[in-house]
Trainee: 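Input: one structure, supplied below.
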Amino acid sequence: MSLQAPVTVLQHPVVARDLTILRDRETGISQFRAAMHRISTILAYTALMDLPLRSRPIETPVRETEGFDINTEIIVVPILRAGLSLVDAILNFVPEAKVGHLGMYRDEKTHQPVDYYSKLPSEIQDGLVLLVDPMLATGGSADDAITFLKEKGAHQIRFISLISAPEGLERIRKHHPEVSLITASIDEKLNDNAFIVPGLGDAGDRYFGTL
Ligand code: PRP
């Protein structure tokens, strides 16, 4: 019997405030980016709560004490392009993390993901992989990205999304039950165009200013 990894939804007043900024169509690009960075840090904080530590003795200016180092490689893998919007804040939080890139876009007519680029560090095989994308809509992109990472030897994968549709969550839980999911919101549904409702529009376009 395979265990189902958890789905964690952020619960914090600051996150509720920032989600509102992100959802509001009147929000400009600089405010959008700032809110995205704040939430990305909290998503990373939550996703990395149980990181393994290795202790080592250190000396403070006052006396000896026990210190700790993180005892695993962390690899952040944004799904290009929109996933890049989460990376800077995550690297501020864990500056030792490696970064892999996975290029994938969703065909606007078929809604199917199309792979176009990948460059991954070798550490993905033994380390903790944080796959990041602000939107989990149908789940097609994340599903394909996780399958791709597994084929490349990744064993420990966590998926961070800002906003998730129930349909996408269901798909990942079904196809990749061992992957834990960390999100700031589970929205109501997908519309006929496979957009998350109420959502925030296209995160990549709003973050990069390509509306
Ligand atoms: C968006 C989003 C995800 C994908 C989600 O990317 O960033 O990658 O769609 O949809 P899915 O769950 O139905 O696969 P988009 O294709 O807009 O490309 P972008 O990253 O260049 O904005």
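Only heavy atoms go into these numbers, but all of them, side chains included; no hydrogens, no water, no symmetry mates. All ligand and atom numbering here is 1-based and tracks the order in the structure. It should be emphasised that the depicted structure is a prediction, and the values quoted were computed from it without experimental measurement.
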Trainee: Measure the distance from atom 22 (O) of ligand 1 to every protein heavy atom, then report the residue, atom name and distance (to 0.1 Å) of the closest one.
Mentor: Arg81 NH2, 3.1 Å
Trainee: Using a 4.0 Å cutoff against the non-hydrogen atoms of Asp133, which atoms of ligand 1 qualify?
Mentor: 2 (C), 3 (C), 7 (O), 8 (O)
Trainee: Give the atom numbers and elements of ligand 1 that come within less than 4.0 Å of a heavy atom of Gly139.
Mentor: 11 (P), 12 (O), 13 (O)
Trainee: Against heavy atoms of Met135, which atoms of ligand 1 measure under 4.0 Å?
Mentor: 2 (C), 3 (C), 5 (C)
Trainee: Does a donor on one side chain sit under 3.5 Å from an acceptor on the other, for Arg23 and Ser185?
Mentor: yes
Trainee: State whether a side-chain donor-acceptor pair under 3.5 Å links His176 with Lys150.
Mentor: yes
Trainee: So, regarding Ala82 and ligand 1 (criterion: nitrogen or oxygen to nitrogen or oxygen, under 3.5 Å), is there a contact or not?
Mentor: yes
Trainee: Of the backbone atoms (N, CA, C, O) and the side-chain heavy atoms from C-beta on, which set of Leu80 has a member under 4.0 Å from an atom of ligand 1: side chain, backbone, both, or neither?
Mentor: backbone
Trainee: For atom 3 (C) of ligand 1, decide whether some protein heavy-atom distance is shorter than 4.0 Å.
Mentor: yes
Trainee: Starting from atom 14 (O) of ligand 1, what is the nearest protein heavy atom, named by residue and atom, and what distance separates them?
Mentor: Ser141 OG, 2.6 Å
Trainee: For Arg158, is there an ion pair with Glu178 - N to carboxylate O distance below 4.0 angstrom?
Mentor: no
Trainee: Return the closest protein heavy atom for atom 17 (O) of ligand 1 as residue, atom name and distance.
Mentor: Asp202 OD2, 3.2 Å
Trainee: Mark whether atom 6 (O) of ligand 1 lies under 4.0 angstrom from at least one protein heavy atom.
Mentor: no
Trainee: Mind running side chain to side chain contact (heavy atoms under 4.5 Å, CB included) on Val132 and Ile90 for me, showing each step along the way?
Mentor: CA-CA 10 Å; Val132 302; Ile90 296 177; 3.8 Å; yes
Trainee: Report the residues that fulfil salt bridge (charged side-chain N to carboxylate O under 4.0 Å, His left out) with Asp107, sequence neighbours left out, ordered by chain and then residue number.
Mentor: none
Trainee: Would you call Arg81-Asp205 a salt bridge at under 4.0 Å N-O?
Mentor: yes
Trainee: Residues two or more places apart in sequence or in another chain: which of them pass side-chain contact (heavy atoms from CB on, under 4.5 Å) with Ala82?
Mentor: Asp133, Pro134
Trainee: Measure the distance from atom 16 (O) of ligand 1 to every protein heavy atom, then report the residue, atom name and distance (to 0.1 Å) of the closest one.
Mentor: Arg106 N, 2.8 Å
Trainee: Say whether Met104, considering both its backbone and side-chain N or O atoms, lies within less than 3.5 Å of an N or O atom on ligand 1.
Mentor: no
Trainee: Regarding Thr27 and Arg206, do their side chains bring together a donor and an acceptor under 3.5 Å, going by distance alone?
Mentor: no
Trainee: Looking only at protein heavy atoms, which one is nearest to atom 11 (P) of ligand 1, and what is the separation?
Mentor: Thr138 OG1, 3.4 Å
Trainee: If I take atom CG from residue Leu51 and atom CG from residue Asp69, how far apart are they, to the nearest 0.5 angstrom?
Mentor: 12.0 Å
